[in-house]
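Beneath this line is the structure, given in structure tokens, with notes to follow.
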Amino acid sequence: MTTTLPEGAEAGAAICGVVCRIPKGWVATYGQVAAMAGLPRRARLVVYVLQHLDPASVVPWHRVVNAKGEVSYTPSRNGSDGVQRRLLEDEGIVFDGRGRFALERYRWLD
DNA sequence: GTTATGACTTCAC
DNA sequence: CGTGAAGCCATAA
């Protein structure tokens with residue numbers, strides 16, 4: 001059938017699976033998740049999936065950060081402001097004075 | 001069909 | 001180590 005559905009249907013499942021595998025207290029970058037999901041160069045697809053995640057999805061999306069070792073979460077979505085950082089801190093991640101953390105220290109190694 | 005945008009990545013300076 | 005530019009791919013208009 002002609003899938004009028006978004007291309008991310010299959011990718012979304014893979015991405016979800018990978019993100020769900022991130023251990024507590026660890027983080028992964030978008031590119032890393034994408035690569036583990038079998039989607040190299042598709043970091044933006046990961047972004048899209050996480051942004052459009054089902055409210056019923058129990059995915060630790062907050063453990064996914066950018067390559068700079070900094071939490072993202074667009075300021076455009078004010079209302080959820082600072083939630084991600086709070087969740088990561090709650091998992092034992094310590095941020096430095098600029099809202100960043102030691103990525104090399106918390107990066108999830110599969 | 002094209003154009004613009006985005007929770008990104010990576011290299012070059 | 002900060003900034004800029006190019007690359008990448010899917011959605012929205």
Side-chain angles (χ1 to χ4, degrees):
Chain A
M1 92 172 187
T2 52
T3 60
T4 47
L5 294 170
E7 190 274 330
E10 195 176 332
I15 292 167
C16 249
V18 172
V19 175
C20 281
R21 277 172 51 196
I22 302 176
K24 176 172 174 280
W26 290 76
V27 296
T29 66
Y30 292 98
Q32 200 183 336
V33 171
M36 288 177 179
L39 303 164
R41 313 310 204 259
R42 282 163 182 87
R44 292 182 113 136
L45 187 50
V46 176
V47 169
Y48 186 83
V49 171
L50 294 180
Q51 192 174 15
H52 284 258
L53 263 181
D54 280 71
S57 299
V58 294
V59 178
W61 55 271
H62 54 263
R63 289 183 193 142
V64 185
V65 295
N66 59 28
K68 295 175 300 208
E70 180 180 54
V71 174
S72 304
Y73 214 89
T74 182
S76 308
R77 299 228 162 218
N78 55 350
S80 328
D81 51 320
V83 171
Q84 184 169 9
R85 174 171 171 171
R86 171 61 196 286
L87 287 166
L88 292 174
E89 290 181 312
D90 206 37
E91 297 196 344
I93 294 179
V94 181
F95 285 77
D96 66 11
R98 266 179 286 172
R100 300 205 320 209
F101 58 92
L103 176 60
E104 290 303 308
R105 183 180 157 161
Y106 295 111
R107 188 180 260 188
W108 172 42
L109 307 175
D110 184 29

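Residue numbers begin at 1 in each chain, while the letters A, B, ... track the order of the sequences.
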Next on the checklist: Under 3.5 Å, is there any donor-acceptor pair linking the side chain of A:Arg42 to the base of C:dC9?
Outcome noted: no
Next on the checklist: Can you measure A:Arg41 atom CZ to C:dC9 atom C1' for me and round it to whole angstrom units?
Outcome noted: 12 Å
Next on the checklist: If the cut-off is 4.0 Å, is A:Arg85 near the phosphate of B:dA7, judged by side-chain N/O to OP1 or OP2?
Outcome noted: no
Checklist entry - Is there a donor on the side chain of A:Tyr30 or the base of B:dA7 sitting less than 3.5 Å from an acceptor on the other? => result yes
Item to check | Integer-rounded Å distance: B:dT5 C1' and A:Leu45 CG | outcome: 16 Å
Checklist entry - Are A:Arg44 and A:Tyr30 in a cation-pi setup, meaning NZ or CZ lies under 6.0 angstrom from the ring centre and within 45 degrees of the ring axis? => result no
Next on the checklist: From CD of A:Glu70 over to C1' of B:dT9, roughly how many Å is that when rounded to an integer?
Outcome noted: 15 Å
Checklist entry - A:Leu87 CG to B:dA7 P: how many Å, rounded? => result 19 Å
Checklist entry - A:Glu70 and A:Arg98: salt bridge (charged side-chain N to carboxylate O under 4.0 Å, His left out), yes or no, with the steps? => result CA-CA 9 Å; A:Glu70 180 180 54; A:Arg98 266 179 286 172; over 6 Å; no
Checklist entry - Can you tell me how far P of B:dC8 sits from NE2 of A:His52, to the nearest Å? => result 14 Å
Item to check | Interatomic distance, A:Arg44 CZ vs C:dC8 C1' [rounded to whole Å] | outcome: 7 Å
Checklist entry - A:Leu88, A:Trp108: one ILVMFWY side-chain cluster at the under-4.5 Å cut-off? => result no
Checklist entry - Nearest-Å distance, CG (A:Leu50) to P (C:dA10)? => result 16 Å
Next on the checklist: What's the closest nucleotide to the side chain of A:Arg98 if the choices are B:dA7, C:dG2, B:dT10?
Outcome noted: C:dG2
Checklist entry - Would you say A:Arg100 reaches C:dC1's phosphate, i.e. side-chain N/O to OP1/OP2 under 4.0 Å? => result no
Next on the checklist: Between A:Arg105 and A:Trp26, does the side-chain contact (heavy atoms from CB on, under 4.5 Å) criterion hold? Intermediate values first, please.
Outcome noted: CA-CA 9 Å; A:Arg105 183 180 157 161; A:Trp26 290 76; over 6 Å; no
Item to check | Euclidean distance, atom CD of residue A:Gln32 to atom P of B:dC8 [Å, nearest integer] | outcome: 16 Å
